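Note sheet for the following structure.
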Protein chains: 2
Amino acid sequence: MDQVKQTPAKAISILRHAEKLFAHKGFEATSVREIAHAAKVNVAMISYYFGSKEKLLEKLFEKRMTSGLEFVQQIMESPELNEWQKMTVILRNYVNNIFHAQNFYLVMLSTQVTTKNKRILALLRRTRLNYIELFDLFALLGVEKRLFKYRPDPYLLQSTIIGSLYYALQMKPVFKDHSKNHQSLAEFDEEYFNKLFEYLKNILATLLGYEDN
Amino acid sequence: MDQVKQTPAKAISILRHAEKLFAHKGFEATSVREIAHAAKVNVAMISYYFGSKEKLLEKLFEKRMTSGLEFVQQIMESPELNEWQKMTVILRNYVNNIFHAQNFYLVMLSTQVTTKNKRILALLRRTRLNYIELFDLFALLGVEKRLFKYRPDPYLLQSTIIGSLYYALQMKPVFKDHSKNHQSLAEFDEEYFNKLFEYLKNILATLLGYEDN
DNA sequence: AAATAAATTAAACAACCGTTTGATATTTTT
DNA sequence: AAAAATATCAAACGGTTGTTTAATTTATTT
């Protein structure tokens, strides 16, 4: 009987539908009544489970952003991988996260510029700086081992990798339409993010001066 | 007396203050009363000059986005410049635009994901695809002339260049703070965007396989 | 100086906002 | 089966939203 009290099904449904609506309409433009209607629950249930609309957004960020950290930690402690392998595995994981939670990353894109929420801002800041310091450490160690030739500016490196990913995500519909692609959305997505990953791996290799065997 | 009827000073003031507020709070989270108060005009003046809050946003996008096109056209028709020079001049101009209108580009970042406004979406789409096709044309011509070695995927190229720029813009406060920089904001900005330009020029050269003299 | 046009204002409009209430139903624990 | 805790709901709360109205002031044209 001592099971951890898990999130009720309705709360999960609210979160999922809120994420979708926030992604396509924005946080402020989405009303709690819309969320409630989409999730087929009474409006009061949002306050009941989350306290407020704002805290619902916090919950969404916390749920989506804490999961990636354990993976990175795990990779960090893998002695059988060299710095290049660690970097590419983490990048692959990041691309996969975006691929599987595209709506959340759209929420992130529109929210991070304008939100005043301290918890969300702190969470974003910490996560981003973590990745920056991590990749800089890999670059440093890799250069020491003569695996890499250069140690690029960590801020610029992050801007390129993450910036390319986010921009590619938000422009996906435009690109798909313009390239006259007639695949199904699922097929297109798969190919799109795979291509993106391979491309970013190449840029990373170039910036680090990593020579592929 | 046949002067072109120019935008009244108050309308300009409204636009400027709205831009600032939209940039830091988001379009939906900014009320017309806030804008009116910041611009020191009566609320009704916004409807009077622009028709609605939505059309005010449209006006902002039109004003900020149409100015860059003439410059590009001008560069296109410069026979004394080769493809590499044209690309870097246009990139430099783009970086300068962002530098001088940072607030607008923040508005763009938070708006483009969520807006349903047809005119704004069409404007964004057209401008972006213009740049993509333009750079792809330069790449193609450059390769033909043996100026470049490669003709990269135009969507990926755009994602990297513009994505890096936008990400660097929105992360600027975090980066400035984290790098413990103690310059004035103006000095820091100048250096920040210059560094960004030189860096992106290098990436562009690498992706095109352009060998410096 | 009279007439016309443009600018400005406070107040009112209806619609919607996020949140709370208090009653009722359902589930879980004793 | 009684008691306690949790879940659900319609309705109401006070406040804010973007926009319009109608009256008044200011500027321009005749």
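Predicted, not measured: the structure shown is a model, and the values here were computed from it. Naming convention: chains lettered A, B, ... in sequence-line order (proteins, then strands); numbering from 1 in each chain.
- Atom CE in A:M45 sits roughly 14 Å away from atom C1' in C:dT24 (whole-Å rounding).
- Close placement of the A:Y94 and A:Y131 rings is indicated, their centers lying within 6.0 Å of each other.
- Atom pair A:I46:CD1 and C:dT21:P shows a separation of 17 Å (rounding to whole Å applied).
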What are the atom names and distances for every N/O pair under 3.5 Å that joins the protein to nucleotides 23-28 of chain D?
none

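- When rounded to the nearest whole Å, the span between OH of A:Y49 and P of D:dA5 equals 17 Å.
- OP1 or OP2 of C:dC17 has at least one side-chain nitrogen or oxygen of A:S31 nearer than 4.0 Å.
- Computed from coordinates, the A:E54 CD to C:dG18 P distance equals 11 Å when rounded to whole Å.
- Between the NZ atom of A:K10 and the C1' atom of C:dT26 there is a distance of 11 Å, given to the nearest Å.
- Taking the six-membered ring wherever Trp is involved, the centroid distance between the rings of B:F104 and B:F22 does not fall below 6.0 Å.
- Of all nucleotides listed (D:dA7, C:dT19, D:dG18), D:dG18 comes nearest to the side chain of B:V32.
- Among C:dT19, D:dT8, C:dA10, the nucleotide with an atom closest to any side-chain atom of B:N42 is C:dA10.
- Atom CZ in B:R33 sits about 16 Å away from atom P in C:dC17, given to the nearest Å.
- Side-chain atoms of B:V107 and B:L57, non-hydrogen and from C-beta on, do get closer than 4.5 Å to each other.
- Between A:K195 and B:D153 there is a side-chain heavy-atom pair separated by less than 4.5 Å.
- Each of A:A44 and A:E34 was matched to the nucleotide of DNA chain C holding its nearest heavy atom; the match closer to the 5' end belongs to A:E34.
- Of the candidate nucleotides C:dT8, D:dA7, C:dT20, D:dA7 has the atom nearest to the side chain of A:Y48.
- Ion pairing between A:D177 and B:R125 holds under the 4.0 Å rule for side-chain N and carboxylate O.
- Rounded to whole Å, the distance from NZ on A:K55 to P on C:dG18 is 16 Å.
- Counting to the nearest Å, the C1' atom of C:dT19 and the NZ atom of A:K53 are 12 Å from each other.
- Nucleic acid contact for A:F50: none, since no nucleic acid atom lies under 4.0 Å from a heavy atom of the residue.
- Counting only residues at least two apart or in different chains, salt bridge (charged side-chain N to carboxylate O under 4.0 Å, His left out) contacts with residues 26-52 of chain B comprise B:K25-B:E34.
- A cation-pi arrangement, defined by a distance under 6.0 Å to the six-membered ring centre and an angle within 45 degrees of its axis, is absent between B:K59 and B:Y49.
- For the pair A:G51 and A:A29, nearest-nucleotide mapping onto DNA chain C gives the more 5' position to A:A29.
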